[in-house]
**Student:** 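Dumping the structure here so I can ask a few things about it.
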2 protein chains.
Amino acid sequence: MALEHAILVSLLEKPGSGYELARRFERSIGYFWTATHQQIYRVLKRMEGDGWVTVREIPQQGRPDKKEYSVPALGQAALSRWLHEPIEPESVRHDLAVKIRGAAFDDPAALIREVERHHQVHTDRLAHYLVGERRDFTGPEAPVTPDDVGRELQHVVLRGGIAYERMTLAWLDDVLATLHRLRAER
Amino acid sequence: MALEHAILVSLLEKPGSGYELARRFERSIGYFWTATHQQIYRVLKRMEGDGWVTVREIPQQGRPDKKEYSVPALGQAALSRWLHEPIEPESVRHDLAVKIRGAAFDDPAALIREVERHHQVHTDRLAHYLVGERRDFTGPEAPVTPDDVGRELQHVVLRGGIAYERMTLAWLDDVLATLHRLRAER
DNA sequence: CTTGTCTATGCAACAAGTTGCATAGAAAGA
DNA sequence: TCTTTCTATGCAACTTGTTGCATAGACAAG
């Protein structure tokens with residue numbers, strides 16, 4: 001499982017509670033790794049048992065106490081081990097592609113709205129990435145310190161997200177053009 | 001679950017056995033939807049129970065009998081229903097992105113080989129797609145018949161795969177350049 | 001004053017996906 | 001001849017991931 005490792009990375013970048021992790025998985029990290037809060041709480045429990053994370057209870061006034069997790073040496077070692085293992089290039093699960101091929105046995109034109117909806121979602125994601133990029137990665141390049149290494153690596157991952165959204169939008173345009181053409185020719 | 005629907009699409013395109021489906025899921029369909037043979041057999045059993053597919057036993061000499069599945073009206077109706085439901089834009093699981101961000105807490109240069117390996121895999125996939133495209137989708141465009149609709153839709157999905165691989169390769173080049181730069185600056 | 005949202009954690013049940021193993025004959029290669 | 005690969009199907013056990021629900025105080029909107 002790589003959820004454990006995604007959590008380790010996120011906690012190394014910044015310690016936080018399960019709840020905070022869940023929100024990060026809806027934003028930055030969630031764009032290339034998704035997880036629900038139930039999953040995160042369960043895995044955190046196991047990781048705590050394995051000594052990969054340590055907890056610090058933080059009492060709060062007016063809201064439930066939170067458990068702030070951070071990563072001790074044992075957890076960082078576990079991450080290192082994983083980093084040195086080869087992994088399989090990702091396997092995709094692309095519902096929309098299945099639908100498009102399936103539309104041959106139904107009405108292809110009926111898919112236009114669905115594709116437009118996806119187009120909108122990806123447009124929004126791209127805009128969101130670009131805002132984040134302008135906010136976090138502009139300005140003069142400072143000399144390389146350990147922190148800048150992390151910043152550079154976060155930036156290259158973000159550039160990947162941007163490239164992915166742009167490619168997807170161009171492809172969805174292609175899909176829409178194809179669906180419109182098929183409808184016109186029918 | 002969408003595996004059922006991916007199977008319906010594949011069987012509508014061409015009836016076949018569980019074994020044949022498993023192989024298709026390693027090739028064309030598998031590039032946007034993966035499944036192992038155990039999963040396929042199990043789901044086919046359930047779909048048979050639901051009347052979404054029908055079986056025809058085909059005795060063979062010299063090798064085990066095979067069960068050829070095809071899709072009756074009930075299955076096609078199930079597919080239609082799914083096609084008219086909205087779906088969530090896919091959630092990605094991109095191990096490599098997690099590794100890249102994680103490398104900030106280890107040695108980024110150690111990731112170079114892994115990234116190169118992924119680059120090679122995606123280069124091969126792209127080449128494979130391009131061969132398939134030349135084989136199946138070149139030549140003069142025939143007038144639009146129902147079969148051509150399917151062909152057009154398969155082509156636009158394949159173009160999506162090609163665009164994805166090209167984008168990924170460009171991004172991996174960016175990642176490699178970044179990792180080399182960080183190593184040089186260290 | 002009631003409804004809804006936010007913070008914060010968690011259990012239980014279920015669905016989906018993975019891994020390991022088993023069978024078994026045919027054909028091809030070492 | 002022996003081993004491997006291919007065709008063809010399947011069970012059992014396990015790991016992951018999803019869905020529904022529960023608790024509970026604070027705060028904001030209607």
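Chain A is the first sequence line, chain B the second, and so forth, proteins listed ahead of strands; every chain is numbered from 1.
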**Student:** Is A:K45 near enough to C:dG10 that one of its side-chain N or O atoms lies under 4.0 angstrom from OP1 or OP2?
**Tutor:**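 It does, given that an N or O in the side chain of A:K45 lies less than 4.0 Å from OP1 or OP2 of C:dG10.
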**Student:** Take the angle between the ring planes of B:Y31 and B:Y129 and call it parallel below 30°, perpendicular above 60°, tilted in between.
**Tutor:**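 It falls in the perpendicular class, over 60°.
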**Student:** Between C:dG17 atom P and B:I7 atom CD1, what is the distance in whole Å?
**Tutor:**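 Those two atoms, CD1 and P, are 10 Å apart.
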**Student:** How many whole angstroms separate atom CZ of B:R24 from atom P of D:dA8?
**Tutor:**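 Answer to the nearest Å: 12 Å.
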**Student:** What's the shortest heavy-atom distance between B:R117 and A:P86, and which atoms?
**Tutor:**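 In this case the closest contact between B:R117 and A:P86 is NH2-CB, 3.3 Å.
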**Student:** Rounded to whole Å, how long is the line connecting atom NE2 of B:H37 with atom P of C:dT23?
**Tutor:**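 Nearest whole value for this atom pair: 15 Å.
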**Student:** For the residue pair A:Y164 and B:Y164, does the interplanar ring angle fall in the parallel (under 30°), tilted (30 to 60°) or perpendicular (over 60°) class?
**Tutor:**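 Judged by the thresholds at 30° and 60°, the geometry between A:Y164 and B:Y164 is perpendicular.
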**Student:** Would you say A:Y41 places a side-chain N or O within less than 4.0 Å of OP1 or OP2 belonging to C:dT9?
**Tutor:**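 Yes, within the criterion.
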**Student:** Taking for each residue the nucleotide of DNA chain C bearing the nearest heavy atom, is the 5' side occupied by A:R42 or by A:E68?
**Tutor:**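 The residue closer to the strand's 5' end, by nearest nucleotide, is A:E68.
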**Student:** A:E20 CD to C:dT9 C1': how many Å, rounded?
**Tutor:**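 So the two atoms are 13 Å apart, to the nearest Å.
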**Student:** Please tell me if B:R93 has a side-chain N or O lying less than 4.0 Å from either OP1 or OP2 of D:dG17.
**Tutor:**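 For B:R93, the contact criterion (side-chain N or O under 4.0 Å from OP1 or OP2 of D:dG17) is met.
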**Student:** It should be established whether B:Q38 places a side-chain nitrogen or oxygen under 4.0 Å from OP1 or OP2 of nucleotide D:dG10.
**Tutor:**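 For B:Q38, the contact criterion (side-chain N or O under 4.0 Å from OP1 or OP2 of D:dG10) is not met.
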**Student:** Between C:dG17 atom C1' and A:L3 atom CG, what is the distance in whole Å?
**Tutor:**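 That distance rounds to 15 Å.
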**Student:** In whole Å, I'd like the distance from the CG atom of A:L44 to the P atom of C:dC11.
**Tutor:**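 These atoms are roughly 12 Å apart.
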**Student:** Taking only the side-chain nitrogens and oxygens of B:T36, find out if one of them lies under 4.0 Å from OP1 or OP2 of C:dG17.
**Tutor:**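 Answer is no, no contact under 4.0 Å.
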**Student:** C:dA16 P sits how many Å from B:E4 CD, rounded?
**Tutor:**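 So the two atoms are 7 Å apart, to the nearest Å.
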**Student:** Please determine whether a side-chain nitrogen or oxygen atom of A:R23 lies at a distance below 4.0 Å from atom OP1 or OP2 of C:dA8.
**Tutor:**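 Answer is no, no contact under 4.0 Å.
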**Student:** Students often mix this up, so state it plainly: with edges at 30° and 60°, are the rings of A:W171 and A:H94 parallel, tilted or perpendicular?
**Tutor:**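 Aromatic pair A:W171/A:H94 classed perpendicular.
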**Student:** State plainly whether the residues A:R181 and B:E152 are in salt-bridge range, i.e. N to O under 4.0 Å.
**Tutor:**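 The answer is yes: the pair qualifies as a salt bridge.
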**Student:** Kindly say if B:Y19 contacts the phosphate of D:dT9, meaning a side-chain N or O under 4.0 Å from OP1 or OP2.
**Tutor:**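 Negative; the distance criterion is not met.
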**Student:** Could you tell me how far apart A:I40 (CD1) and C:dG10 (C1') are, to the nearest whole angstrom?
**Tutor:**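 Nearest whole value for this atom pair: 13 Å.
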